[in-house]
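Below: one structure, written as structure tokens.
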Number of protein chains: 2
Amino acid sequence: MEKNHTLLDDTDFAILSCLQKDGRMSFTEIADQLNVSVGTARTRLNRLLEEGVISIVGRVDPEKVGFRAYAHIAIYIRPATLKEPVAQEISSKPEVSFLASTSGDYDLEVDVMCQSNNHLVEFVNEISTIEGVYQTKTTLYFKVYKYAQPDLNLLK
Amino acid sequence: MEKNHTLLDDTDFAILSCLQKDGRMSFTEIADQLNVSVGTARTRLNRLLEEGVISIVGRVDPEKVGFRAYAHIAIYIRPATLKEPVAQEISSKPEVSFLASTSGDYDLEVDVMCQSNNHLVEFVNEISTIEGVYQTKTTLYFKVYKYAQPDLNLLK
DNA sequence: TTGTAACTCTGCATATTTTGCAGAAAAAGG
DNA sequence: CCTTTTTCTGCAAAATATGCAGAGTTACAA
């Protein structure tokens, strides 16, 4: 029998919500807030983690940790058939924090964190040598106003 | 005497690195991996959290949780003096997961998560009515290849 | 060099949390 | 109505976190 892997109930959402606020919140505290037993909180959370609905990660502040060049690179691919291999190649680079294909003018959009402008220039050069990369356009992020989790209340 | 809030040593980096892999790793396990006492691991990590060098958050998978429209909106502001108030206004919206000003053609770049294309259209309309928002350009993220933390080894 | 003040680290006892498990309750399916 | 499966609960044992006091370290000035 197939198990349902997609439907989340109110308890699940409440757990996710707790963890968005504090990823280290204990099972005990989650259980208290939701008025369920510790075992329930644990089972639910472990399932959510296992299914990849949520992942709990330490997110460093790029500035404070020493990344002085946070930038966005838009990439044109020609011929278009090379998109997948190029995406794989770029995905493997440690500087890359985000990579997606879009509906826009460019084929791939990348966010990168580099130590310095020099490092960023080197990285863009590196990208440019990948077969299929036809053109790139780099934009620096000057000031980050918000970096948050989506509000789950929007889904109710 | 001012306290140093910026310099991180190897132990700090090692702790950050552990937490990038698993945000719920216990003090005990971190201490074991670094060959320091539990107290040290705890003191260090608490300081890093307090100073905002790292924050531990549950990151939900937008798809799995019900956000079917993940998009990017580039925004032109006229007159330019309205940039700050517009940024504040946009920042307060729950759909917004990322907001930054850039060196590029547009003044602000926003990432948003919406339940549906309808919801996204409504959101863009909402943004367009803000005073100072002159033009917007929306791009859908089709496929996300990578969503990761920056590799701290780059800083060594 | 020596002394002092400010941190940081360690280890231990206590409090809290997690884990594993077995049985109760609830839901699903004949 | 009775199985079967799943989920929940509570308990005891194991693991972990916390508070604290004392031992090192470091920085700095006399």
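Quick caveat, the model's predicted, so the values are computed rather than measured. Per chain, numbering begins at 1; letters A, B, ... match sequence-line order.
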Between P of C:dC9 and CZ of B:Arg42, the distance in whole Å: 12 Å

From D:dT9, C:dG20, D:dA17, nucleotide with atom closest to A:Thr40 side chain: D:dT9

Distance, rounded to the nearest Å, where B:Gln33 contributes CD and D:dT16 contributes C1': 16 Å

Rounded interatomic separation in angstrom, taking CD from A:Glu29 and C1' from C:dT18: 15 Å

Rounded distance (Å) that lies between atom P of D:dT26 and atom CG of B:Asp9: 12 Å

Whole-Å gap separating P (C:dC9) and CG (B:Leu45): 13 Å

N/O (side chain, B:Thr28) to phosphate O (OP1/OP2, D:dA17) under 4.0 Å: yes

Aromatic plane relationship, B:Tyr141 with B:His72 - under 30° parallel, 30 to 60° tilted, over 60° perpendicular: perpendicular

Rounded distance (Å) that lies between atom C1' of C:dC9 and atom CZ of B:Arg44: 9 Å

Touch class at under 4.0 angstrom, heavy-atom based, for A:Ser26 against every strand present: sugar-phosphate

Rounded distance (Å) that lies between atom P of C:dT17 and atom CZ of A:Phe27: 13 Å

Nucleotide D:dG10, atom C1' - distance to CG of A:Asn35 in whole Å: 16 Å

Out of C:dT18, C:dG20, D:dT9, whichever nucleotide has its closest atom nearest the side chain of A:Ser37: D:dT9

Distance under 6.0 Å and angle within 45° of ring axis: B:Arg24 vs A:Phe27: yes

Salt-bridge contact A:Asp105-A:Lys137 (side-chain N to carboxylate O under 4.0 Å): no

5' priority, DNA chain D, between A:Gly39 and B:Met25 [closest heavy atom]: A:Gly39

SB check B:Lys146 A:Asp111 (cutoff 4.0 Å): no

